[in-house]
Amino acid sequence: MKRFVLLLLAACGSYSGEDTEKVGLGAETGIPPRHGTILIDGCVIDTWSRSTLAQPQTKKVAQELVMLCAVPREDGTVGPRDESAAAALSAAVDDLHKDGWRVNLGVAFTDESGQRYDGTQTSKFLSDGTWRARFVETLPAVLAPFDGVEIDLQGLPNDARSNVTELVFQIGKVVHPAKKLNVFVPPSIDVPSDLPGGQAFDRISLGANVDRMRIMTLDYSETTPGPTIDPGWAVDAVRLAKKDFVACDIAVPLYGTDFGPRGRRSTTWYEARAIAESGGVPIQRGPTGAPFLRFTTFGTEHHELWFDDATSTARTLGAWTFDVLPDDVGVLYYGLGAEDPTLFSELGARMP
Amino acid sequence: MRVAVAASLALFFVVALARDARADFDFQLATGVNVRALRETPALTTKPITTSARTVEEGAVPMRGGMTFLGPYIDSSLTIDDRWMLPLIGFGAYGAIGSYDSVVTSRDGSIVRVRPWTTFAGEVLLPGLGYRAKERRWLFGGQLRTGVGWLTLDGSMASGADSNAIDLSRATFLLAAELEVCRRLDPVTRVCLAVAPRIYDHGLLNGATAGLRVEWGR
């Protein structure tokens, strides 16, 4: 009887506690090479990020930058316009050009705080023909040192659809053919759009005037704690967009999100690691591979912080094989400066 | 039910024939325990699944790494002229043994985690052809054997912060070359050591079985 029980026990496989990576992680598993773009959220590239961009492996992963820097004012004038800012921007772009980067100017339609997208206010601006004309008239001066422009409209109501199309059409007229025009598009996975304001983007009409659409497959978890991206959901969003327009990019986050009792806030890899180290908080991994930690701060505030590191981002990119997403789909890495410092060197090492 | 009745009748006639003409035909029955190795786990198939993030159609999930199994089996055969062997039908059931990493893989862009230690491997051994020779109490034999096999495993598919259980499986044709050495214990009972490289098992030269078994028959 004892021998029989021992035999049964022997026939039970067990979990080693480790992961064997077929996609994304194992050093022997390649990551499909795609056209890469890195987004810098601001007008300044700090010295740390400049060092990241100077690395050969970073240039292997990405070839293009977006500086999400310009903001239209209340009258439609695109800023920054003062001489000092223009000179600094021009010098930064020249420097990046010398380093082999293409650099696009991102236009963020935030309010004057620079932080908040007030879709209703933006929609009101877009519906004003004078405002649009002023925008189009003043954009070229700011755009001069750049290779293209990227339009980042967020939080719009659905009825802004025709005005968005009209603005993009007018921008196209002053930008093309010398420079590129790209737009950020919400990651809808259904028609009509499953997202608030998703119908404000008529992809077919926009497609006639833009060079690329950046499908913003970010902030998957908005109301409840979770990963910033779900790789499968992102695939569905890009597939749907590609039915209307071929040249699409998929976005991956470099930043993390801290879900607390007062709402959400963006965080960096370093902050997440610092919280884990200083508080002795264990870092766990969610089903997609994104790391997260649960901690209590300020006495009783419970937080759940989800972020990405080289491991989870490589896993995501590895899951997007060419049979899943064709090779003309590029990748937009969103939020330079917030990333795991080993990210680009690991990705570059895994790309042919 | 009809299949069971037909199989019983066939077995009855085979045994009856073996008794009536023992010099020409003899029915053999064998049972034992095998260790089975699979050099490389094949891509597995998932059924359609709807998660909170998306709906994913049936399709293949890439795998990596080999596996080892342990399990019992039962087999039957006919011998002709005490030399030729006609394997008839057999059944094997195996469970994974050893310690395994979970395999992180993907299906249509979604992250999938497969748990190899939950693997069940079944097989139905079908007819083949072999030859055997006796030397005093020893018997040496070799045979080519066909069959069908299948694997089933547990896994999960990620959808944001959640994951959904999925079943993975894969069936295959089997072709094995089996070698055995047996020692007679009494006139109708032998204990045998058998080794069977798998010529085809989810792929060419992708595994082997080895084990001890007891055979009944002359």
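Within every chain, numbering begins at 1; the chains are lettered A, B, ... in the order of the sequence lines, protein sequences first and strands thereafter.
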Residues 227-266 of chain A: residues contacting chain B (heavy atom under 4.5 Å, by number): A/Pro227, A/Asp230, A/Pro231, A/Gly232, A/Trp233, A/Val235, A/Asp236, A/Arg239
Verdict with reasoning, A/Tyr15 to B/Ser102, per side chain to side chain contact (heavy atoms under 4.5 Å, CB included): CA-CA 7 Å; A/Tyr15 178 38; B/Ser102 70; 3.8 Å; yes
The side chain to side chain contact (heavy atoms under 4.5 Å, CB included) partner of B/Asp108 among A/Leu325, A/Thr321, A/Val324, A/Asp323 is A/Val324
Suppose a student defines contact as a heavy atom less than 4.5 Å from any heavy atom of chain A. Which residues in residues 179-215 of chain B would they list? none
Who in residues 114-129 of chain B is close to chain A, using a strict under-4.5 Å heavy-atom cut-off? B/Trp117
Contact winner vs chain A - B/Gly109, B/Ala161, B/Ser110, B/Ala53, heavy-atom pairs under 4.5 Å: B/Gly109
Let's test your reading of the structure: which of B/Ser99, B/Ser159, B/Ser156, B/Ser163 forms the most heavy-atom pairs below 4.5 Å with chain A? B/Ser99
Considering only heavy atoms, which portion of A/Thr288 lies under 4.5 Å from any heavy atom of chain B: side chain, backbone, both, or neither? both
Within the supplied structure, the quantity of interest is the number of heavy atoms (other residues, nucleotides, ligands) at a distance under 6.0 Å from [X] [atom1]; does it exceed 12?
X        : atom1 : value
B/Lys47  : NZ    : no
A/Gln284 : CD    : yes
B/Asp167 : CG    : no

Heavy atoms of B/Gly160 and A/Tyr220 approach each other most closely as CA-CE2, 3.4 Å
Could you go step by step and tell me if B/Ile111 and A/Arg315 meet the side chain to side chain contact (heavy atoms under 4.5 Å, CB included) rule? CA-CA 8 Å; B/Ile111 303 297; A/Arg315 185 179 291 184; 3.6 Å; yes
With sequence neighbours excluded, what pairs up with B/Arg136 under the salt bridge (Lys or Arg N to Asp or Glu O under 4.0 Å) test? none
